Amino acid sequence: MFAPGPVFAVLYYATALILVGGLGARLLGWGRTPVPLPIPTTPAPMTRGGVVLRMAREVTLFESLWRSQKALWLFAMLFHVGLLLVSLRHLRYLLPEGTLGPLWELVVLVQPFGIYGGMAMAVGLLGLLGRRLMLPRVKAISRGSDFLMLGLLIAIGASGLAMKFAVHTDIVAVKAFFLGLVTFDWQPLPADPLLLGHLLLVALLMAVFPFSKLLHAPGVFFSPGRNQVDRRAFPAAQGRG
Amino acid sequence: MARGPALTPPPLSDRPEIEPPPLAPGAMAHSKPYVAQPAHNEALGYPGERVDDWQAKAIQALGELVDSSRALKVYLDSCVKCGSCADKCHYFLGTGDPNNMPVARQDLVRRVYRRHFTPAGKLAPGLVGAADLTEGLLEEWYSYFHQCSQCRRCSVFCPYGIDTAEISMAAREVMDRIGLGQKYCNEILGKVHKVGNNLGLPEPALADTLEGLEEDIEEETGQAVKLPLDVAGADVLLITPSADFFAEPHVDGLIGYAKVFHQLGLSWTLSSHASEAANFAMFIGSRDQMAKVAQRIHQAARDLGVKRLVFGECGHAWRVAYSFLTKLAGPWDFLDPRWPVPQHILEVTNAAIETGGIRLDPEGNAGKVVTFHDSCNVARASRMGEGPGGQFTLPRAVIQASVPRFVDMADGTIHDRTFCCGGGGGLLTDDLMELRMKGALPRVNALNHVVETQGVTHMAAICAICKTQFAKVLPLYGLDMEMVQSVHGLVSQAIRLGAAPD
């Protein structure tokens with residue numbers, strides 16, 4: 001009988017390396033590139049604190065998107081909030097029971113919401129795909145990779161939901177497998193096709209992250225238009241400090 | 001080269017905002033500005049004509065630019081093709097050409113960047129839309145990067161703040177470095193380096209012009225309002241776009257500044273060495289050129305021994321001054337530390353209104369119902385006054401103090417969502433007239449709406465390019481060119497000269 005444990009162990013070590021190494025290299029590359037001129041999109045905050053708030057609104061509320069297109073904002077919100085809940089729910093597979101101290105209660109608390117998150121994710125992704133297929137402007141700017149990325153995320157979500165609602169897997173064994181990866185104490189992985197498919201797709205997502213448009217996630221923090229303070233070329237003396 | 005159909009404008013809508021048009025692929029592929037002649041390029045240190053190994057040179061230049069600007073690198077890496085920007089560009093709204101969707105315009109560069117500088121583009125170019133810089137793609141670069149006025153409207157709506165202007169500037173710089181410059185910008189920059197202003201107006205002609213204006217003002221008002229030139233030891237150096245010296249309605253603005261200074265009793269001067277606020281080097285994406293132009297201002301301020309630096313009504317010039325001036329030509333510590341550097345003339349005038357230093361009588365503009373066009377570079381790339389958004393409130397406050405009635409255009413078309421006039425970013429040239437007309441559609445439409453619903457008679461602007469562009473395109477839409485006013489032209493009509501301040 002096929003024992004997927006070792007294969008997936010190697011796969012996940014490799015993809016983790018690619019993710020961390022690739023992303024690290026990219027972020028370092030961005031960080032090392034000079035910012036020769038101040039180009040904040042104005043009106044912009046005049047203090048660092050203001051910039052932190054602006055960025056926080058951008059990444060939690062998608063403020064610019066809200067001002068642009070409400071339908072796109074809704075789909076994007078459904079997907080990202082769903083993904084967040086799902087990710088929090090998955091923490092229980094990666095962490096030993098009770099590791100986070102009192103925060104563990106949150107992981108427990110979020111479990112049922114993770115399910116709704118999975119559904120929201122699916123709805124959001126289908127909405128985004130529908131736009132890409134049906135709106136002429138969005139269709140015109142879409143490439144193969146844009147559809148593949150949506151397909152990948154939809155497949156990850158669908159296989160995950162299917163394991164919850166249709167074909168259950170041995171989640172205790174799954175947890176043991178991933179905890180084993182963390183502690184280098186390899187454990188077997190159930191050979192359920194749905195589970196293996198799910199994990200394979202997640203590994204693929206991790207591997208392409210640093211080389212794809214998923215870079216938008218760290219990218220927004222590096223965007224000079226959004227992270228720079230508005231400051232006059234040479235303020236008057238009292239403002240010069 | 002200025003091909004295309006006769007100048008028939010696209011139809012206006014009953015609503016204040018233009019609906020996005022259906023896609024019309026290639027509709028504007030023919031639009032290209034005149035290519036710079038060898039002398040224009042060489043004067044700026046670029047190859048005169050397209051170099052033999054232009055592809056390799058272009059890739060090399062792109063690599064250098066990407067490594068010298070985090071904005072460019074992050075913007076090229078981060079786009080998810082969500083389409084949030086797709087319907088935000090005035091040139092797209094006016095033409096329907098899909099390459100005028102900001103994301104598509106960026107992709108003209110992104111394709112090449114991906115092909116040569118990213119693993120995905122090297123391994124699977126077809127999948128991620130990566131492509132080599134072919135002759136055909138270069139043609140598209142030349143065409144469509146001269147259909148971007150670098151107004152930043154798209155960046156306002158991008159969830160990552162991706163600014164097409166940065167990419168457009170980089171593309172133009174790459175083209176300059178392989179000897180494919182644009183005549184309009186490069187020729188003008190050559191004039192600035194040689195003579196000191198975009199018009200190539202030498203000192204004697206400038207002195208003559210200013211003297212003529214002084215006579216006109218005295219004849220009209222009975223007041224000896226001066227327009228001093230190269231006065232060493234003056235307190236204020238005014239840097240203003242050279243169009244202010246004689247174009248209409250710009251010159252009314254210049255007269256307005258002079259009247260404000262006169263009434264405040266300020267000692268001020270213009271400079272013949274730095275007789276230009278505009279800095280077209282920003283449009284072609286060259287920091288070196290931008291610094292060279294800005295250093296004329298530094299030189300003039302030093303030579304004349306002034307204490308303050310004030311800029312006249314010019315959009316991109318205010319961006320360059322407000323945001324970049326110290327980086328390009330600092331330091332400015334020889335000026336009076338009590339004043340910020342630079343100041344906008346509207347900051348001077350607004351403060352003068354607030355403190356009672358000048359008195360404005362709206363009766364001077366009797367019968368006018370005025371709206372205000374936020375200039376893109378002022379709105380989205382700079383500030384006025386003390387807090388964020390002062391660039392919106394100060395001009396409106398000054399206009400409201402000068403006219404009997406003020407009306408704003410529709411919300412989605414003002415403040416940081418303002419539409420470009422259609423002629424910014426180095427496109428204000430007759431060989432792009434069709435593009436300018438079509439790009440003006442969203443703004444003209446919003447203007448027309450307040451003309452019809454609110455009885456607006458005039459639109460005030462604070463940018464030399466906007467004023468010239470509107471004076472030219474409004475008649476194409478059946479509106480009167482004289483609707484366009486300088487904000488300080490309105491001040492000029494309203495100001496009470498000689499009236500003793502409180």
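We name chains A, B, ... by the order of the sequence lines, and we start the count at 1 in each one. What you see is a predicted model; the values in this text were computed from it and never measured.
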- Message: Only pairs of heavy atoms separated by less than 4.5 Å count here; which of B/Ser155, B/Ser78, B/Gly126, B/Ala104 has the most with chain A?
- Response: B/Ser78
- Task: Return the option, out of B/Ala86, B/Gly387, B/Pro342, B/Ala120, with the maximum number of heavy-atom pairs under 4.5 Å with chain A.
- Result: B/Pro342
- Query: With only heavy atoms counted, which part of B/Ala379 is less than 4.5 Å from chain A, the side chain, the backbone, both or neither?
  - Reply: backbone
- Task: Please step through side chain to side chain contact (heavy atoms under 4.5 Å, CB included) for the pair B/Asp416 and A/Arg67, ending with a clear verdict.
- Result: CA-CA 11 Å; B/Asp416 65 337; A/Arg67 296 182 75 196; 2.8 Å; yes
- Message: Please check this pair: side chain of A/Glu58 against backbone of B/Gly161, looking for a donor-acceptor N/O pair closer than 3.5 Å.
- Response: no
- Using non-hydrogen atoms and a 4.5 Å limit, figure out which bit of B/Pro119 sits close to chain A: side chain, backbone, both or neither. side chain
- Name the region of B/Lys327, side chain, backbone, both or neither, that has any atom closer than 4.5 Å to a heavy atom of chain A. side chain
- Answer with side chain, backbone, both or neither: which region of B/Gln106 has an atom nearer than 4.5 Å to a non-hydrogen atom of chain A? neither
- Message: Whether the side chain of A/Thr42 engages the backbone of B/Arg383 through a donor-acceptor N/O pair (distance < 3.5 Å, no angle test) should be reported.
- Response: no
- Query: Where do B/Glu347 and A/Arg232 land on the salt bridge (Lys or Arg N to Asp or Glu O under 4.0 Å) test, with the steps shown first?
  - Reply: CA-CA 13 Å; B/Glu347 295 177 313; A/Arg232 197 183 296 249; 2.7 Å; yes
- Query: Checking B/Cys79 against chain A: side chain, backbone, both or neither under 4.5 Å from a heavy atom?
  - Reply: backbone
- Query: Side chain, backbone, both or neither: which part of B/Ala124 has an atom under 4.5 Å from a heavy atom of chain A?
  - Reply: neither
- Task: Count the heavy-atom pairs under 4.5 Å between each of B/Asp87, B/Asp107, B/Leu325, B/Asp163 and chain A, then report the option with the highest count.
- Result: B/Asp87
